[in-house]
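Notes to accompany the following structure.
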Amino acid sequence: MELRSRKIVEGREDIYWERFCLWHAMGLTKEEFDSPLIGVANCWNEALPGSYHLRELAQRVKDGIRRAGGTPFEFNTIAICDGVAQGHVGMKYVLPSREVIAASVELMVEAHQFDAVVAIATCDKIVPGMLMALARMDIPSIVLTGGYMLPGNYKGELVLASTITKKYGTLLSGGMSKEDYVKLAHSACPTCGACPGIWTANTMCVITEALGMSLTGNSTTPAIGARISEMAYKTGKTIIDLLERGVKPSDIMSYEAFENAVMTLMAVGGSTNAVMHLPAIAHELGIELSLEVFDELSRKIPTICGMAPTTDKYSMKDLDEAGGLPAVWKQIEDELHLDVMTVSQRTLREILKDAHGIYGGVIRTRENPFYKQGGIAILKGNLAPDGAVVKASAVSEEMLVHKGEAKVFDREEDAMEAVMKGEIEEGDVIVIRYEGPKGGPGMREMYDILQVIDGMGLSSSVALVTDGRFSGSNRGGAIGHVSPEAMEGGPIALVRDGDLITIDIPKRSLHVEISEEEMRERRKEWRPPEKEVKGFLGVYAKNVTSASRGAIMNPK
């Protein structure tokens, strides 16, 4: 086995001993120094429940590495909680953090010439950021996703973090008491881990397993208990096996693996954010994953999982108990690429030989799906020439086709204020613009406004169209990622109050009823707003690409 870490000690004997003495200062022995050096990238911190428990898991990973004959070097990268960042300026920093995470892992691993990497991550932008780094470096790598929190329960009903924002609308409308609301909040998050619906965090954990970059069963293992500890230990041992075999991310994450990941996304009804993250990861490997691929596969693969937010009844815990991802894959086996390899050194075909599922609850059969097509649809039209994204499985029947007058806002806060004041009426189409990757900058999630609209009983009569994005928990007629974005002069920048907007999800169309001549006249008058942006957001705004391209910063 050729170890690239030997580069740091090759040549004269004094170079070897100089490098050794630096690590000897930490108590490292010569035996450890001469073993494979494995980077352990951990996003542990005390700011979010998805990362709070990862310190202990990292220790188990390191135990596994040592047991298999390697020497682990743990280091940290940043992690932001989307839930804490919601609804204020903090959300501008969340998507850009993906690029910082990828860069920080790359910098540490390349500077120290580690032979292989274990990435430990759980939440929304951290998992794709880690995967981008692993794809970029293309050395033996594996991911440990840290598991989901157990779901809450109040008065016999499933309670999740998103329930609290949704129920705020119910509180405002007099549908529940303040006492019940506070008790509900205390019951929503009983343990650490990723929020247990199929929102962005668990969507990306599921996708990691679908890409073959984590061990089978990892994504549906809860964050507490013996199983996740054992999974961490096995992950540590497996990285040495991958190193010895010379297996790299490019050997695992083939184009076929990405198609499998997209089909899995559709089957589980996952987050729309994955439509940006998957192309960004693929880009690092020189693979183009267009929006058309998502739409094509969405038409073939039904939504057979009914976890929140597709339904209010099931969580990741239920998916785990029903057989996990292999049980889902068994239902779409004929469409999957079965000969792709995984970090477990088993093909998907071999994994499915052991698959067993319990169907009729959180997982349905392909013949009886929750939604006849995939959970996500790609819309195009004169309002979104380069595409827009909608979580179709979370849209009510009456909102699949909708026409309404636009009420236009240039900031999320202004739209939220209008909702709270009762200025939004049934049938309206809320347009929130200048919230895209460049325009925000940072492409904020429109989370709070959707939850409040839902709680006020308007999600079946009011649509929202934005060049921003949504949390994986979004429900209702919410269309995001409108491209080109307003800051780039996209048509969404030209919409005015009262314009009629037509949404037709079955036909995949998004149109504003403005003539081409009128559009040209408005464009002559349009000027992008001036925004004072400093720090990393300023760098991001100057370099980031469109959401339709994955909002990447380093296009090739």
Side-chain angles (χ1 to χ4, degrees), residues 1-10 19-20 23 26-44 54-77 105-106 108-121 127 130-131 133-146 208-209 211-219 221 226-253 257 340-347 350-351:
M1 152 177 66
E2 184 177 347
L3 299 178
R4 71 182 205 143
S5 62
R6 297 307 93 190
K7 294 177 184 177
I8 65 176
V9 297
E10 287 174 353
R19 306 296 187 271
F20 170 75
W23 275 330
M26 302 181 293
L28 200 74
T29 67
K30 186 176 183 302
E31 179 185 19
E32 290 173 301
F33 184 63
D34 289 337
S35 299
L37 308 184
I38 312 299
V40 179
N42 191 0
C43 67
W44 172 85
L54 297 183
R55 178 184 277 175
E56 290 74 20
L57 291 186
Q59 187 58 53
R60 290 297 286 150
V61 167
K62 292 186 289 185
D63 289 344
I65 292 171
R66 290 191 178 97
R67 179 68 175 174
T71 300
F73 289 85
E74 183 183 355
F75 62 91
N76 279 84
T77 185
V105 173
E106 175 195 3
M108 279 295 293
V109 172
E110 296 294 5
H112 296 92
Q113 287 294 290
F114 294 136
D115 297 303
V117 187
V118 178
I120 306 174
V127 176
M130 294 279 200
L131 284 168
L134 303 186
R136 184 180 302 170
M137 296 181 296
D138 203 26
I139 63 174
S141 305
I142 189 171
V143 179
L144 172 72
T145 54
T208 302
E209 186 175 335
L211 283 170
M213 287 298 292
S214 63
L215 295 178
T216 304
N218 188 177
S219 68
T221 301
R227 281 175 56 202
I228 192 65
S229 180
E230 181 182 6
M231 186 71 69
Y233 181 77
K234 287 182 177 179
T235 298
K237 290 187 68 178
T238 300
I239 191 59
I240 301 299
D241 178 61
L242 293 170
L243 177 60
E244 289 175 346
R245 293 171 180 264
V247 178
K248 300 180 294 184
S250 58
D251 300 316
I252 302 292
M253 291 192 283
V340 295
M341 187 54 68
T342 69
V343 290
S344 67
Q345 289 303 289
R346 292 193 297 164
T347 64
E350 291 169 327
I351 289 169

Do [X] and [Y] have side chains that get closer than 4.5 Å, going by heavy atoms?
X      : Y      : value
Met341 : Val247 : no
Val40  : Ile120 : yes
Met130 : Thr77  : yes
Met137 : Val105 : yes
Thr71  : Phe33  : no

Between [Y] and [X], does any NZ, NE, NH1 or NH2 come within less than 4.0 Å of an OD or OE carboxylate oxygen?
X      : Y      : result
Lys7   : Asp115 : no
Lys30  : Asp34  : yes
Glu110 : Arg4   : yes
Lys248 : Asp251 : no

Return the set of residues passing side-chain contact (heavy atoms from CB on, under 4.5 Å) with [X] (not counting sequence neighbours), or none when no residue passes.
X      : answer
Glu350 : Arg346, Thr347
Ser214 : Thr208, Glu209, Asn218
Thr238 : Ile142, Leu215, Leu242

* ring pair (Phe, Tyr, Trp, His ring centres under 6.0 Å) partners of residues 54-76, not counting sequence neighbours, each pair once ->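 Passing the test, one end in residues 54-76: Trp23-Phe73, Phe73-Phe114.
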* Looking at Ile239, Thr221, Asn42, Val61, which hits side chain to side chain contact (heavy atoms under 4.5 Å, CB included) with Leu144? ->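 Checked Ile239, Thr221, Asn42, Val61 against Leu144; only one passes side chain to side chain contact (heavy atoms under 4.5 Å, CB included): Val61.
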What is the distance from atom [atom1] of [X] to atom [atom2] of [Y], rounded to the nearest 0.5 Å?
X      : Y      : atom1 : atom2 : result
Glu230 : Arg60  : CD    : CZ    : 8.5 Å
Glu10  : Ser5   : CD    : OG    : 9.5 Å
Arg66  : Lys62  : CZ    : NZ    : 6.0 Å
Ile139 : Gln113 : CD1   : CD    : 8.0 Å
Arg136 : Ser141 : CZ    : OG    : 12.5 Å

Where is the tightest heavy-atom contact between [X] and [Y], given as atom of each residue plus distance?
X      : Y      : value
Ser35  : Gly69  : CB-O, 3.5 Å
Gly27  : Glu32  : O-OE1, 4.1 Å
Leu131 : Val143 : CD2-CG2, 3.8 Å
Lys237 : Gly64  : CG-O, 3.3 Å
Cys43  : Ala121 : SG-CA, 3.8 Å
Ala257 : Val340 : N-CG1, 4.0 Å

* Report the residues that fulfil side-chain hydrogen bond (donor to acceptor under 3.5 Å, both in side chains) with Glu56, sequence neighbours left out, ordered by chain and then residue number. =>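 By the side-chain hydrogen bond (donor to acceptor under 3.5 Å, both in side chains) rule, Glu56 matches no residue at all.
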* Residues which pass side-chain hydrogen bond (donor to acceptor under 3.5 Å, both in side chains) with Thr216, listed by chain and number, not counting sequence neighbours ->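 Result, side-chain hydrogen bond (donor to acceptor under 3.5 Å, both in side chains) vs Thr216: none returned.
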* With distance as the sole test, does Arg19 use its side chain to make a donor-acceptor pair with the main-chain N or O of Ile8 at under 3.5 Å? ->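 Between the backbone of Ile8 and the side chain of Arg19 there is a qualifying donor-acceptor contact (under 3.5 Å).
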